[in-house]
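For reference, the structure discussed in these notes is given below.
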Number of protein chains: 2
Amino acid sequence: MSNTKASPLLESPVAPCCPPFSERPLTAEESVRTATMFKALGDPVRLRLFSMVASHEGGEACVCDISDVGVSQPTVSHHLKKLKEAGLLTSERRGTWVYYRVEPSVVAAMGQLLTPKG
Amino acid sequence: MSNTKASPLLESPVAPCCPPFSERPLTAEESVRTATMFKALGDPVRLRLFSMVASHEGGEACVCDISDVGVSQPTVSHHLKKLKEAGLLTSERRGTWVYYRVEPSVVAAMGQLLTPKG
DNA sequence: CAGTTGATTCGACGTGTGTCAACATAGACG
DNA sequence: CGTCTATGTTGACACACGTCGAATCAACTG
């Protein structure tokens, strides 16, 4: 369970989910899948953990580096699991510590959705 | 309550909230404010309503045009209120119908957060 | 092997959220 | 003024979610 691939929620995580919001409305199915990603970033603790990983040097961060967010360590683990299930983070165990890194394609897909009309 | 400005949550909705996630981690306060916006899009129904408004011709949509999302009308109204409180939508009553339109600056700020390293 | 530290899982609790039915409000139209 | 249509609000309910303490698993160290 500590392997890199642990997100069965997204069938093809690399493919851009949908065109920008300004182009066409989402279908019911698309909205369910996409809302999962936005919901994952809809919690202050998760959002902060995600930004910590994203901005950490080397693009990855050990749990021990980002555990200081004001909640208990089990709660941190819980939120990291949620982010992993949403496809936004991947984890890898190297010896004692577990390292998390962002999934660039998924983040790019979210950013593409918010692209203005142009 | 049907005026265009109805979002006291964001002090300066135009100013970009924060630098991209890849630059520096969010502070506790920033994460709370930003998570509100992501959480607003974290529900399938809201996400679909938002995409319907964003993709509608003229950049605005009447409630009657977007009410067909599979939930009751009070629920639609509830979700539109949430989106308005998050600063993502604005509403205006013109005669019989109420029109919603997206707040481009807030959406752009969210997209900027997801901008990759470049 | 025992012991220590890091990280996840389990069980439980309180709060928040999505949903609806029923009611209330706003404007149009006769 | 009365009535009809279009939105929004209220109250209530079930469920999900965030949080923690305790227990469990994993890897390094003596």
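Residue numbers begin at 1 in each chain, while the letters A, B, ... track the order of the sequences.
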When rounded to whole Å, the NE2 to C1' distance for the pair A:His78 and D:dT19 reads 9 Å
Taking OP1 and OP2 of D:dT7, is either one under 4.0 Å from a side-chain nitrogen or oxygen of B:Trp97?
yes
So, OP1 or OP2 of D:dA16: does either fall under 4.0 Å of a side-chain N or O from A:Lys39?
no
Name the residue closer to the 5' end of DNA chain D, choosing between A:Arg46 and A:Gly95 according to the nucleotide with the nearest heavy atom.
A:Arg46
Taking OP1 and OP2 of C:dT19, is either one under 4.0 Å from a side-chain nitrogen or oxygen of B:Thr75?
no
So what does B:Val45 touch, heavy atoms closer than 4.0 Å: a base, only the sugar-phosphate, or nothing?
sugar-phosphate
So which nucleotide from C:dA7, C:dA21, D:dC17 ends up closest to the side chain of B:Pro74?
C:dA21
Which atom pair, heavy atoms only, marks the closest approach of B:Arg101 to B:Gly59?
CB-O, 3.2 Å
Nearest whole Å is fine: how far is C:dT19 P from B:Leu80 CG?
12 Å
For atom NE2 of A:His79 and atom P of D:dG18, their distance in whole Å:
6 Å
Side chain of B:Asp43 only, please: which of C:dG6, D:dA6, C:dG18 is the nearest?
C:dG18
Looking only at side-chain atoms of B:Ser77, point me to the closest of C:dG6, D:dG8, C:dT9.
D:dG8
Quick check: do B:Tyr100 and B:Lys84 have side-chain heavy atoms less than 4.5 Å from each other?
yes
Is B:Phe38 close to A:Arg46 at the side-chain level, that is, under 4.5 Å between some pair of heavy atoms?
no
Which comes earlier along DNA chain C counting from the 5' end, the contact point of A:Thr96 or that of A:Lys81, where each point is its nearest nucleotide?
A:Thr96
Single-linkage hydrophobic cluster, 4.5 Å side-chain cutoff, A:Phe50 and A:Val71 together
yes
Is any side-chain N of the basic residue among A:Glu60 and A:Arg94 closer than 4.0 Å to the acidic one's carboxylate O?
yes
Starting from P on C:dG6, measure out to CZ on A:Arg94 and report it in whole angstrom.
18 Å
What residues from residues 47-65 of chain A pass a heavy-atom cutoff of under 4.0 Å to DNA chain D?
none
Nearest-angstrom distance from the residue atom CD1 of A:Ile66 to P of C:dG6
15 Å
In degrees rounded to 10°, what angle is found between the helical axes fit to the five outermost pairs at each end of the helix from C:dC1-D:dG30 to C:dG30-D:dC1?
20°
Could I get the full list of side chain to side chain donor-acceptor pair (under 3.5 Å) partners for A:Ser72, not counting sequence neighbours?
A:Thr75
Restricting to non-hydrogen atoms, name the atom on B:Glu103 and the atom on B:Gly87 that form the minimum distance, rounded to 0.1 Å.
CB-O, 3.3 Å
Select base, sugar-phosphate, or nothing to describe what A:Tyr100 touches, counting heavy atoms under 4.0 Å on all strands.
sugar-phosphate
Write down the distance between NZ (B:Lys82) and C1' (D:dT9), rounded to a whole number of angstrom.
14 Å
Starting from P on C:dA22, measure out to CD on B:Gln73 and report it in whole angstrom.
15 Å
Side chains of A:Leu89 and A:Leu49, heavy atoms from C-beta outward: is any pair under 4.5 Å?
no
Would you mind reading off the distance between A:Phe38 atom CZ and D:dC17 atom C1', rounded to a whole angstrom?
20 Å
Search all heavy atoms of B:Met52 against all heavy atoms of B:Asp68 and return the closest pair with its distance.
CE-O, 4.3 Å
Donor-acceptor pair, B:Ser31 side chain versus A:Arg48 backbone, under 3.5 Å?
no
